[in-house]
Visitor: 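Structure below; questions to follow.
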Amino acid sequence: MNLKIAVLPGDGIGPEVILQAKKALYAIGEVYNHEFVFEEALMGAVAIDKTGNPLPEQTLNLCLNTDAVLFGAIGDPKYDNNPNAKVRPEQGLLKLRKELGLFANIRPIKPYKSLLDASPLKREIIEGADFTIFRELTGGAYFGAKTLNEEGTHASDLCEYSEEEITRIAHLAFKSAQNRRKKLTMVDKANVLETSRLWRKVVQKVSEGYPDVALDFLFVDNAAMQIILNPKQFDVILTENLFGDILSDEASVITGSIGLLASASLGEKNALFEPIHGSYPQAKGKNIANPIASILSAAMLLEHFGLFKEANVIYQAIEKAIEFKVVTTDLKSDSKFGTNEVGEFVSNFIFSKDDLLYFNNDNVSIGQSTIV
């Protein structure tokens, strides 16, 4: 298979972690005879600094004319800490989602057995948890009309949804539930918000076409609590943009690190794959950022194009890296390994899994095996 992939490294640790994802895809291409052509472009704070625009037209045109987008991270303290900034890195990401029609964000949540003790939650609570969050991505308050009076004392953000916007992501979520444990939980705030009441009405209507899927509803405040108290009760969670943004980040504590979670953003024609973490500017250039989420986003890209065997090899590589504790310090405080070393382990595993026979699990250190 030949794929042209737009690569948007972005800001902070984005370039470092996305490099490791590219290494994994390069190895997959070599081993399984696929050709992945990467073309990089500016986005985020780095794009603002160089062009004044967080999403330059050249970048947007590239993304519109490639098979998929591999995205790093965006954000910079000089914009985050300036409430008066007129142009922000996040504006570029929101525009990209809108222009590509990426209406569905899919975030799998499943802890690794070797890292159950890395989570702040008790092992008995999280062991066996396995659910996916479907977050609507191009509607709601993030994209509604925004106002601020001249005095800067009164602001508003309009949250609005149409039946069509809800229906299209609901179908994706129900189809996913059919292939899992056949349960879908709709999260909203229907006791207060009119948009949530519309969500319930539409989702109930869509559910009639999926009689094999059990449907239940939770208010978002209760859902936030239940994700911590009993995450194993969930199979597929469906929710709107703002709630999905918050809940999916909260759910990262189940895995032990936000650096372990990848996501896919899908539209009718386009697809974007990214880690869910931010740009973590404090770690920039220090070789300490966890690249696993970025590498897993590459695996999700492969799955999107039907390359399930190839994606599974990446999943195996990540499992083995965690088993052998070839991880960054967010997962093991005294780890000797950094961003690049984790990426090298994964790519070398893809090239030759047999080399693991010579890997000394009792004395893991750089240079003492054919893997690192």
Visitor: Identify whether the distance between the nearest side-chain nitrogen and carboxylate oxygen of D117 and R123 falls below 4.0 Å.
Guide: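 Between R123 and D117 there is a salt bridge, with a charged N closer than 4.0 Å to a carboxylate O.
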Visitor: Taking all heavy atoms of V46 and all of M43, pick out the closest pair and write down the distance.
Guide: CG1-O, 3.3 Å
Visitor: What's the spacing between S207 OG and M186 CE if we round to 0.5 Å?
Guide: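 One finds 11.5 Å between OG of S207 and CE of M186.
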Visitor: Take atom NZ in K183; do more than 12 heavy atoms of anything else shown fall under 6.0 Å from it?
Guide: yes
Visitor: Could you tell me if the side chain of F337 sits less than 4.5 Å from the side chain of F345, heavy atoms only?
Guide: no
Visitor: Under 3.5 Å, is there a donor-acceptor pair between the side chain of R181 and the main chain of V236?
Guide: no
Visitor: Does CD in E151 sit with more than 12 non-hydrogen atoms of other residues, nucleotides or ligands closer than 6.0 Å?
Guide: yes
Visitor: Please tell me whether E250 and S248 have a donor and an acceptor in their side chains that are separated by less than 3.5 angstrom.
Guide: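 Distance-only check fails for E250 and S248.
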Visitor: Any chance you could lay out the side-chain contact (heavy atoms from CB on, under 4.5 Å) test for E274 and S265, step after step, and finish with the verdict?
Guide: CA-CA 8 Å; E274 61 178 312; S265 298; 3.9 Å; yes
Visitor: Show me the donor-acceptor pairs within less than 3.5 Å that the side chains of residues 298-306 make with the rest of the protein, sequence neighbours left out.
Guide:
residue, atom, partner, partner atom, Å
E303, OE1, Y315, OH, 3.0
E303, OE2, Y315, OH, 3.4

Visitor: Please lay out, stage by stage, how D130 and R180 fare under the test side-chain contact (heavy atoms from CB on, under 4.5 Å).
Guide: CA-CA 10 Å; D130 179 3; R180 292 173 53 89; 3.4 Å; yes
Visitor: Assess whether atom NZ of K201 is packed by more than 12 heavy atoms of other residues, nucleotides or ligands within 6.0 Å.
Guide: no
Visitor: Is the ring pair H34/F36 parallel, tilted or perpendicular, if the boundaries are 30 and 60 degrees?
Guide: tilted
Visitor: Can a cation-pi geometry be assigned to K320 and F349, taking NZ or CZ under 6.0 Å from the six-membered ring centre and within 45° of the ring axis?
Guide: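 That pair does not qualify as a cation-pi contact.
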Visitor: Counting only N and O atoms by type, is there a donor-acceptor contact under 3.5 Å from the side chain of E16 to the main-chain atoms of I13?
Guide: no
Visitor: Evaluate the side-chain proximity of Y112 to E319: yes if any heavy-atom separation is below 4.5 Å, no if none is.
Guide: yes
Visitor: Answer yes or no: does atom CG of N33 have more than 12 heavy-atom neighbours from other residues, nucleotides or ligands under 6.0 Å?
Guide: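 No, because the 6.0 Å sphere around CG of N33 holds 12 heavy atoms or fewer from other groups.
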Visitor: Please determine whether residues L261 and L247 belong to a single hydrophobic cluster, defined as Ile, Leu, Val, Met, Phe, Trp and Tyr linked transitively by side-chain heavy-atom distances below 4.5 Å.
Guide: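 Yes, one cluster joins them.
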Visitor: Can you find a heavy atom in the side chain of E40 that is under 4.5 Å from one in the side chain of P9?
Guide: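 Of all side-chain heavy-atom pairs linking P9 with E40, at least one is under 4.5 Å.
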Visitor: How far does CD of Q233 sit from CD1 of I227, to the nearest 0.5 angstrom?
Guide: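 Taking CD in Q233 and CD1 in I227, the distance rounds to 9.0 Å.
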Visitor: Please report the closest heavy-atom contact between A141 and D157, naming both atoms and the distance.
Guide: O-CB, 4.2 Å
Visitor: In terms of hydrophobic clustering (I, L, V, M, F, W, Y; side-chain heavy atoms under 4.5 Å; direct or indirect links), are L238 and V213 co-clustered?
Guide: yes
Visitor: With a distance cut-off below 6.0 Å to the six-membered ring centre and an angular limit of 45° from the axis, does K309 pair with Y32 as a cation-pi contact?
Guide: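 Relative to the ring axis of Y32, which defines the angle, K309 lies outside at least one limit.
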Visitor: Would a 4.5 Å heavy-atom cut-off, applied to side chains only, mark L198 and E165 as touching?
Guide: no
Visitor: Drop me the distance from I5's CD1 to E39's CD, to the nearest 0.5 angstrom.
Guide: 12.0 Å
Visitor: If we ignore hydrogens and angles and just use 3.5 Å, is the side chain of Q91 paired with the main-chain N or O of K86 as donor and acceptor?
Guide: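 Between the backbone of K86 and the side chain of Q91 there is a qualifying donor-acceptor contact (under 3.5 Å).
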Visitor: Can you give me the closest heavy-atom contact between A24 and I350, atom names plus distance?
Guide: O-CD1, 3.7 Å
Visitor: Working to the nearest 0.5 Å, report the span between OG1 of T339 and CD1 of I292.
Guide: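 Reported value, rounded in 0.5 Å steps: 10.5 Å.
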Visitor: Do F351 and Y26 come within less than 4.5 Å of each other through their side chains, counting heavy atoms only?
Guide: yes
Visitor: Looking at K98 and T138, would you say the former's side chain and the latter's main chain have a donor-acceptor pair under 3.5 Å?
Guide: yes
Visitor: Does T328 offer a backbone N or O that forms a donor-acceptor pair with the side chain of N290 under 3.5 Å?
Guide: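 No, N290 side chain to T328 backbone: no donor-acceptor pair under 3.5 Å.
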Visitor: Please report the closest heavy-atom contact between D76 and S279, naming both atoms and the distance.
Guide: N-OG, 4.4 Å
Visitor: Is a side-chain donor or acceptor of D11 paired with a backbone partner of A45 at a separation under 3.5 angstrom?
Guide: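 Judged by distance alone, yes, a pair lies under 3.5 Å.
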Visitor: Between OG1 of T255 and CD1 of I109, what distance do you get to the nearest 0.5 Å?
Guide: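 T255 atom OG1 to I109 atom CD1 measures 6.5 Å (nearest 0.5 Å).
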Visitor: Give the intermediate values and the outcome of salt bridge (Lys or Arg N to Asp or Glu O under 4.0 Å) for residues K189 and D221.
Guide: CA-CA 8 Å; K189 194 64 177 171; D221 40 2; 2.9 Å; yes
Visitor: Considering non-hydrogen atoms only, spot the tightest contact between V87 and P54 and give its length.
Guide: CG1-CD, 3.5 Å
Visitor: Does atom NZ of K232 have more than 12 heavy-atom neighbours, drawn from other residues, nucleotides or ligands, at distances under 6.0 Å?
Guide: yes
Visitor: Linking I/L/V/M/F/W/Y whenever their side-chain heavy atoms sit closer than 4.5 Å, directly or via other members, would L137 and L94 fall into one cluster?
Guide: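 Not linked; separate clusters.
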Visitor: Would a distance-only check, ignoring hydrogens and angles, find a side-chain to backbone donor-acceptor pair under 3.5 Å from S335 to V327?
Guide: yes
Visitor: Start with the C-alpha distance between E90 and D80, add both sets of side-chain angles, then the distance that settles side-chain contact (heavy atoms from CB on, under 4.5 Å), and finish with yes or no.
Guide: CA-CA 10 Å; E90 294 75 16; D80 297 340; 3.7 Å; yes
Visitor: Salt bridge or not between K95 and E57? Use side-chain N to carboxylate O under 4.0 Å.
Guide: yes
Visitor: Could you walk me through whether C63 and L96 satisfy the side-chain contact (heavy atoms from CB on, under 4.5 Å) test, starting with their C-alpha distance in whole Å, then the side-chain angles of each, then the deciding distance to 0.1 Å, before giving a yes or no?
Guide: CA-CA 9 Å; C63 295; L96 182 64; 4.0 Å; yes
Visitor: Heavy atoms, side chains only, cut-off 4.5 Å: are Q204 and F217 in contact?
Guide: yes
Visitor: Is the number of heavy atoms from other residues, nucleotides or ligands within 6.0 Å of CD (E268) greater than 12?
Guide: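 Result for CD/E268: open.
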Visitor: Roughly how far, to the nearest 0.5 Å, is the OG atom of S297 from the CD1 atom of I314?
Guide: 9.0 Å
Visitor: Would you say the side chains of N53 and T51 form a donor-acceptor pair under 3.5 Å?
Guide: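 No, because no side-chain N or O of N53 sits under 3.5 Å from a partner of the opposite role on T51.
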Visitor: Would a 4.5 Å heavy-atom cut-off, applied to side chains only, mark L193 and W199 as touching?
Guide: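 SC-SC contact between L193 and W199 ruled out.
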Visitor: Does I133 belong to the same Ile/Leu/Val/Met/Phe/Trp/Tyr cluster as F243, with side-chain heavy atoms less than 4.5 Å apart forming each link?
Guide: yes
Visitor: Table please: side-chain donor-acceptor pairs of residues 171-178 below 3.5 Å, with sequence neighbours left out.
Guide:
residue, atom, partner, partner atom, Å
H171, ND1, Y210, OH, 2.7
Q178, NE2, D212, OD1, 3.1
Q178, NE2, D212, OD2, 3.3

Visitor: With the side chain counted from C-beta on, respond yes when I276 and I258 share a heavy-atom pair under 4.5 Å apart, and no when they do not.
Guide: yes
Visitor: Heavy atoms only: give me the nearest V187-F219 pair and the separation to one decimal.
Guide: CG1-C, 4.4 Å
Visitor: So does L3 get a backbone contact from the side chain of D67, meaning a donor-acceptor N/O pair under 3.5 Å?
Guide: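 Judged by distance alone, no pair lies under 3.5 Å.
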Visitor: Look only at the side chain of E341 and the backbone of G338, and say whether a donor-acceptor pair between them is shorter than 3.5 Å.
Guide: yes
Visitor: Would L158 end up clustered with V192 when hydrophobic side chains under 4.5 Å apart are linked, directly or stepwise?
Guide: no
Visitor: Using modelled atom types and a 3.5 Å cut-off, is there a donor and acceptor pairing between side-chain atoms of S347 and backbone atoms of G343?
Guide: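 Confirmed, S347 side chain pairs with G343 backbone.
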Visitor: Does atom NZ of K146 have more than 12 heavy-atom neighbours from other groups under 6.0 Å away?
Guide: yes
